A.B. asks: 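Sharing a structure below in structure tokens format, with a few things to ask.
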Amino acid sequence: MTAPLAAYEGIVGATVLRQLRKFGEKLSGVRVVHVNSTREGGGVAEILEWMTRLMLELGVEASWEILHGNPGFFEITKAIHNGLQGHNVGISSRDWKIYEDVNAANLDRLRPRLEEADLVIIHDPQPAHLLRLCDRRKGKWIWRAHIDISRPFRPVWKSLRPIVEGYDASVFSMAEFAQPLPHPQFLVPPSIDPLSEKNRDLVPAEIEAVRIEYGLDPSRPVLVQISRFDRFKDPVGVIEAYRMVRKVSPVQLVLAGGGATDDPEGKSVLEDVMEAAGNDPDIHVLLLPPSAHRTINALQRLATIILQKSTREGFGLTVTEGMWKGKPVIGGDVGGIRLQVVNHHTGFLVNTPEGAAHRIRYLLHHQDGIDRMGATAREFVRENFLLTRHIREYLTLMLVTLRDIKANLVNV
Ligand code: UDP
């Protein structure tokens, strides 16, 4: 449950909230619909949860709709996702037809809201085709890509691009992801909610209870990576790094993750992880339900160092979450992790398990470095990656995109 806007004053200051309310007044009554393909699991669902509520509080008529799919559809959209992130994947014309058909099957339910909206924000490729199906739409449509499409597998981008080109604008998390497109492109990095169950302060007893529940030894450092079991998150590479460190330091590793309903690959990645972990009692592979926000919060607080050794990453909310808890992050030198991990200041960027092991060993021998980087990391998130900055950029984008529509609205 999102806290009311006023609750953030102690974290971001009154001026920031005043500015948001001013923007909200200008957009009062504007109808915005967000569409993605899962209500829980993964970063997009995390964001849409609070974004919708806070926009409502600011006077925007925001809503959040889900495109429902079936396992076959999500196999295909996962392949599209992997292709956009650079993997060589085979997607047949029959697959694209299924992709279109599932979008069409959602239309009757979604059409009234989508066609009435002043602004529709479509998140990621799964629901992107809806634009072509809504022929009586009145508002502007924006495609919001949350993934790293800096080096897409060309055949996949070639098929998706004509769909994306139909949008009035697109939004990417960082400049490297932008593509040649015939419309304005906005850069909006994501953010976290510091008052959510995932990020709010916890009392020591609750953190301790989680430590005991998962059998972590209080006298030894803990490395933590929280992620869906996804190959791009490189959990097996994390185990390799841990093993290199383990030879010289008595560390423990927590790999915690769950699935997202729109991600069918998790099971096979988890099998690979279990095999790589073997029967090492100091590797804790935790399969958590989507509601385990406080457990994740506690695990991030129990961490000595947070890892996010992704080989592709749209942004990496888990990095932000770890930094907000005052932890240094050792992250893959890719995508949105580069926006957050400032090498040697908020953590370290690495490219290999060896690199990760090297940096883990360094930090384990320099508690002062852990403390300094952790403190810098928290302030860096406060300045750049909290929800108030994020919502301000969305409201700005709406003001720019809806200029002409606004002129026709009576109450703005
Ligand atoms: N997450 C979760 N449970 C899990 C794994 C991840 O709640 O088992 C959350 C995690 O805390 C973060 C989000 O899902 O808030 C993942 O976002 P990120 O941008 O790191 O990666 P994505 O899954 O979107 O690729």
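Counting starts at 1 for both ligands and their atoms, in listed order. We're numbering straight along the sequence, starting at 1. Every value quoted in this text rests on a predicted model; they were computed, and no experiment measured them.
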A.B. asks: Less than 4.0 Å between a side-chain N and a carboxylate O, is that true for R338 and D333?
C.D. replies: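 Salt bridge: yes.
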A.B. asks: With respect to Q300, determine whether any N or O atom, backbone or side chain, lies less than 3.5 Å from an N or O atom of ligand 1.
C.D. replies: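 For ligand 1, there is no N or O atom that lies under 3.5 Å from one belonging to Q300.
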A.B. asks: Using a 4.0 Å cut-off to any heavy atom of G316, which atoms of ligand 1 qualify?
C.D. replies: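 Close to G316: 19 (O), 20 (O).
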A.B. asks: Just to be sure I read this right, does ligand 1 sit under 4.0 Å from the backbone of H146, its side chain, both, or neither, counting only heavy atoms?
C.D. replies: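 Within the 4.0 Å criterion, H146 makes no contact with ligand 1.
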A.B. asks: Could you tell me whether some N/O pair between S227 and ligand 1 is separated by less than 3.5 angstrom?
C.D. replies: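 Looking only at distances, the answer is no, because the N/O contact criterion of under 3.5 Å is not met.
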A.B. asks: Output the list of atoms in ligand 1 that are nearer than 4.0 Å to some heavy atom of T318, sorted by atom number.
C.D. replies: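 Close to T318: 10 (C), 12 (C), 20 (O).
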A.B. asks: Does an N or O from G43, backbone or side chain, lie closer than 3.5 Å to an N or O of ligand 1?
C.D. replies: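 Between G43 and ligand 1 (N or O atoms, distance only) the closest approach is under 3.5 Å.
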A.B. asks: If you count every heavy atom of other residues, nucleotides or ligands that lies below 6.0 Å from H365 atom NE2, does the total exceed 12?
C.D. replies: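 At most 12 heavy atoms, drawn from other residues, nucleotides or ligands, come within 6.0 Å of this atom.
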A.B. asks: Do the numbers put R312 on top of the ring of F232, so that NZ or CZ is under 6.0 Å from the six-membered ring centre and no more than 45° off the axis?
C.D. replies: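 No - R312 does not lie over the ring of F232 by the 6.0 Å and 45° rule.
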A.B. asks: I need the atoms of ligand 1 closer than 4.0 Å to a non-hydrogen atom of K198, numbered in the order shown.
C.D. replies: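 Contacts of ligand 1 toward K198, numbered from 1: 2 (C), 7 (O), 9 (C), 10 (C), 11 (O), 15 (O).
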A.B. asks: Please say whether G258 places an N or O atom under 3.5 Å from an N or O atom belonging to ligand 1.
C.D. replies: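 Between G258 and ligand 1, an N or O pair is found under 3.5 Å apart.
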A.B. asks: For atom 21 (O) of ligand 1, which candidate among R228, E321, K233 holds the nearest heavy atom?
C.D. replies: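 The residue whose heavy atom sits nearest atom 21 (O) of ligand 1 is K233.
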A.B. asks: Closer than 4.0 angstrom, basic N to acidic O: yes or no for E271 and K267?
C.D. replies: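 Between K267 and E271 there is a salt bridge, with a charged N closer than 4.0 Å to a carboxylate O.
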A.B. asks: So is I296 polar-close to ligand 1, meaning N/O to N/O under 3.5 Å?
C.D. replies: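 Among all N and O atoms of I296, none is under 3.5 Å from an N or O of ligand 1.
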A.B. asks: Quick check on the 6.0 Å ring-centre criterion: do W50 and H390 meet it?
C.D. replies: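 Yes: the rings meet the under 6.0 Å criterion.
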A.B. asks: Around atom CZ of R161, are there more than 12 heavy atoms of other residues, nucleotides or ligands at under 6.0 Å?
C.D. replies: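 Buried by this count: over 12 neighbours within 6.0 Å.
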A.B. asks: With distance as the sole test, does N103 use its side chain to make a donor-acceptor pair with the main-chain N or O of L130 at under 3.5 Å?
C.D. replies: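 At least one qualifying donor-acceptor pair exists.
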